[in-house]
Undergrad: 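Just dropping this structure here.
The sequence lines fix the lettering, A, B, ..., with proteins before strands; numbering per chain opens at 1.
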Protein chains: 2
Amino acid sequence: MEERVKEIKQQLSAHSYKLTPQREATVRVLLENEQDHLSAEDVYLLVKEKAPEIGLATVYRTLELLSDLSIIHKLNFGDGVTRYEFRAEGAEHHHHHLICLHCGRVDEITDDWLGPIENRVQKEFDFQIIDHRLTFHGICHRCKDQVKDPKKAVSSKVT
Amino acid sequence: MEERVKEIKQQLSAHSYKLTPQREATVRVLLENEQDHLSAEDVYLLVKEKAPEIGLATVYRTLELLSDLSIIHKLNFGDGVTRYEFRAEGAEHHHHHLICLHCGRVDEITDDWLGPIENRVQKEFDFQIIDHRLTFHGICHRCKDQVKDPKKAVSSKVT
DNA sequence: AATCTAAATGATAAAAAATATCATTTGATA
DNA sequence: TATCAAATGATATTTTTTATCATTTAGATT
């Protein structure tokens with residue numbers, strides 16, 4: 001934990017940004033909730049518990065900064081809110097998500113399974129890939145018994 | 001074109017919805033711009049050219065309806081706007097997109113390349129897939145000569 | 001340690017997208 | 001043609017995010 005804060009401090013310094021108390025509080029909230037996919041509002045409320053004086057704008061600015069430096073990633077699960085996630089350490093790319101249309105939970109595939117497909121894209125489309133997003137929408141193992149006809153699951157909310 | 005309008009009319013009827021003049025105008029705009037990825041605002045402005053009396057709310061409602069019936073899909077390319085695309089006829093799933101971080105253009109992969117990966121997801125995660133979204137972010141063939149260091153391309157806007 | 005300055009912050013206004021409300025109109029059916 | 005639920009248009013409202021700007025702060029420089 002302390003190490004990761006330190007590491008992020010260095011990444012900020014490298015681009016002449018400071019790790020201010022507000023930024024540190026925000027980073028710590030992100031680290032403490034690494035397995036979740038927090039929105040800016042979520043982060044704001046959590047940070048406020050420990051640093052009540054922080055402003056919402058600062059949280060937005062910090063998340064944008066961390067995103068610019070590729071320390072975190074922006075995510076969009078189609079609910080109209082941008083969510084944030086730590087970039088997997090050392091990983092070249094973003095990992096994949098499984099969104100359950102029944103309970104709304106989001107599971108992760110932490111490995112990158114897209115290698116072969118990326119090669120094809122680079123070759124057949126002459127497209128140089130920098131990142132990707134892969135999301136599956138369906139019914140998770142927890143809900144499969146409660147859903148009789150998965151084909152009828154409402155997928156209109158999916159973007 | 002006329003056939004597709006007719007087909008959509010039948011899909012609506014099947015769920016006891018009417019193909020009103022406003023809905024038809026909206027559908028025609030979508031059909032005429034099938035290769036684009038129009039936002040609700042885009043559709044609204046285009047429909048207004050031919051049917052100036054239409055209201056923005058009606059366009060939103062029509063797009064939502066078409067989406068509910070899986071006639072069109074919602075898309076999100078990370079610019080804060082929902083976009084819409086015709087669902088590929090007969091295709092089980094959604095196709096894939098290549099977003100150029102340099103020029104912003106969006107190309108398509110109309111085949112579904114995810115078969116093997118989907119099998120793995122179903123097996124290893126016990127997750128029943130209904131749909132998916134796959135997007136690659138990078139540098140397209142048109143821009144590759146103008147971009148020296150692709151790794152530096154701004155990917156912070158990506159969600 | 002006191003001073004300085006650009007960077008950062010907090011409060012809040014504003015913008016932008018999408019949804020909700022509601023009186024009015026319309027289209028299919030009787 | 002009369003009826004009535006469905007659909008529409010205008011607009012208010014909500015929600016998320018960005019912009020503005022006066023004030024504060026962190027770190028460098030004396």
Undergrad: Would you kindly give the OH-to-P distance between A/Tyr44 and D/dT17, to the nearest whole Å?
TA: 14 Å
Undergrad: Do other residues, nucleotides or ligands put more than 12 heavy atoms under 6.0 Å from B/Phe125 CZ?
TA: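 Buried by this count: over 12 neighbours within 6.0 Å.
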Undergrad: When the distance from CG of A/Leu38 to P of D/dT17 is rounded to whole Å, what number comes out?
TA: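 In whole Å, D/dT17 P lies 13 Å from A/Leu38 CG.
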Undergrad: B/Glu64 CD to C/dA20 C1': how many Å, rounded?
TA: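 The answer, rounded to whole Å, is 13 Å.
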Undergrad: Between C1' on C/dA16 and CG on B/Asn76, what's the gap in Å once rounded to a whole number?
TA: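 Whole-Å distance recorded here is 14 Å.
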Undergrad: Atom CG of B/Leu75 and atom P of C/dA18: how far apart are they, to the nearest Å?
TA: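 One finds 12 Å between P of C/dA18 and CG of B/Leu75, rounded.
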Undergrad: Scan nucleotides 1-10 of chain C nucleotide by nucleotide, 5' to 3', and note B when protein non-hydrogen atoms come under 4.0 Å of the base, S if they reach only the sugar-phosphate, - if neither.
TA: ------SSBB
Undergrad: Side-chain donor-acceptor contacts of residues 115-123 of chain B below 3.5 Å, not counting sequence neighbours, with atom names and distances?
TA:
{"unit_1": "B/Glu118", "atom_1": "OE1", "unit_2": "B/His93", "atom_2": "NE2", "d": "3.4"}
{"unit_1": "B/Glu118", "atom_1": "OE2", "unit_2": "B/His132", "atom_2": "ND1", "d": "2.6"}
{"unit_1": "B/Arg120", "atom_1": "NE", "unit_2": "B/Glu124", "atom_2": "OE2", "d": "3.0"}

Undergrad: So, is A/Thr82 near the phosphate of D/dT16, with a side-chain N or O under 4.0 Å from OP1 or OP2?
TA: no
Undergrad: In whole Å, what is the span from the OH atom of A/Tyr84 to the P atom of D/dT16?
TA: 12 Å
Undergrad: Using only side-chain N and O atoms of A/Tyr60, determine if any of them is under 4.0 Å from OP1 or OP2 of D/dT18.
TA: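 False: A/Tyr60 side-chain N/O out of range (4.0 Å or more) of D/dT18 OP1/OP2.
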Undergrad: Is the shortest side-chain N to carboxylate O distance from A/Lys18 to A/Glu24 below 4.0 Å?
TA: no
Undergrad: Verify whether one side chain among A/Glu85 and A/His37 offers a donor that lies under 3.5 Å from an acceptor in the other.
TA: yes
Undergrad: Find the distance A/Glu24:CD to D/dT25:C1' and express it as a whole number of Å.
TA: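 Value for this atom pair: 16 Å.
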Undergrad: Salt bridge or not between A/Arg28 and A/Glu2? Use side-chain N to carboxylate O under 4.0 Å.
TA: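 Salt bridge flag = yes for A/Glu2 with A/Arg28.
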Undergrad: With heavy atoms under 4.0 Å as the rule, sort B/Ser39 into base, sugar-phosphate or nothing.
TA: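 It contacts nothing in the nucleic acid.
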Undergrad: Whole angstroms only, please: what is the CZ-C1' distance between A/Phe77 and D/dT16?
TA: 17 Å
Undergrad: Treating B/Asp112 as the side-chain partner and B/Leu114 as the backbone partner, does any N or O pair qualify as donor plus acceptor under 3.5 Å?
TA: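 Present.
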Undergrad: Determine whether the side chains of B/Gln128 and A/His102 contain a donor N or O and an acceptor N or O closer than 3.5 Å.
TA: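 No, no side-chain donor-acceptor contact under 3.5 Å.
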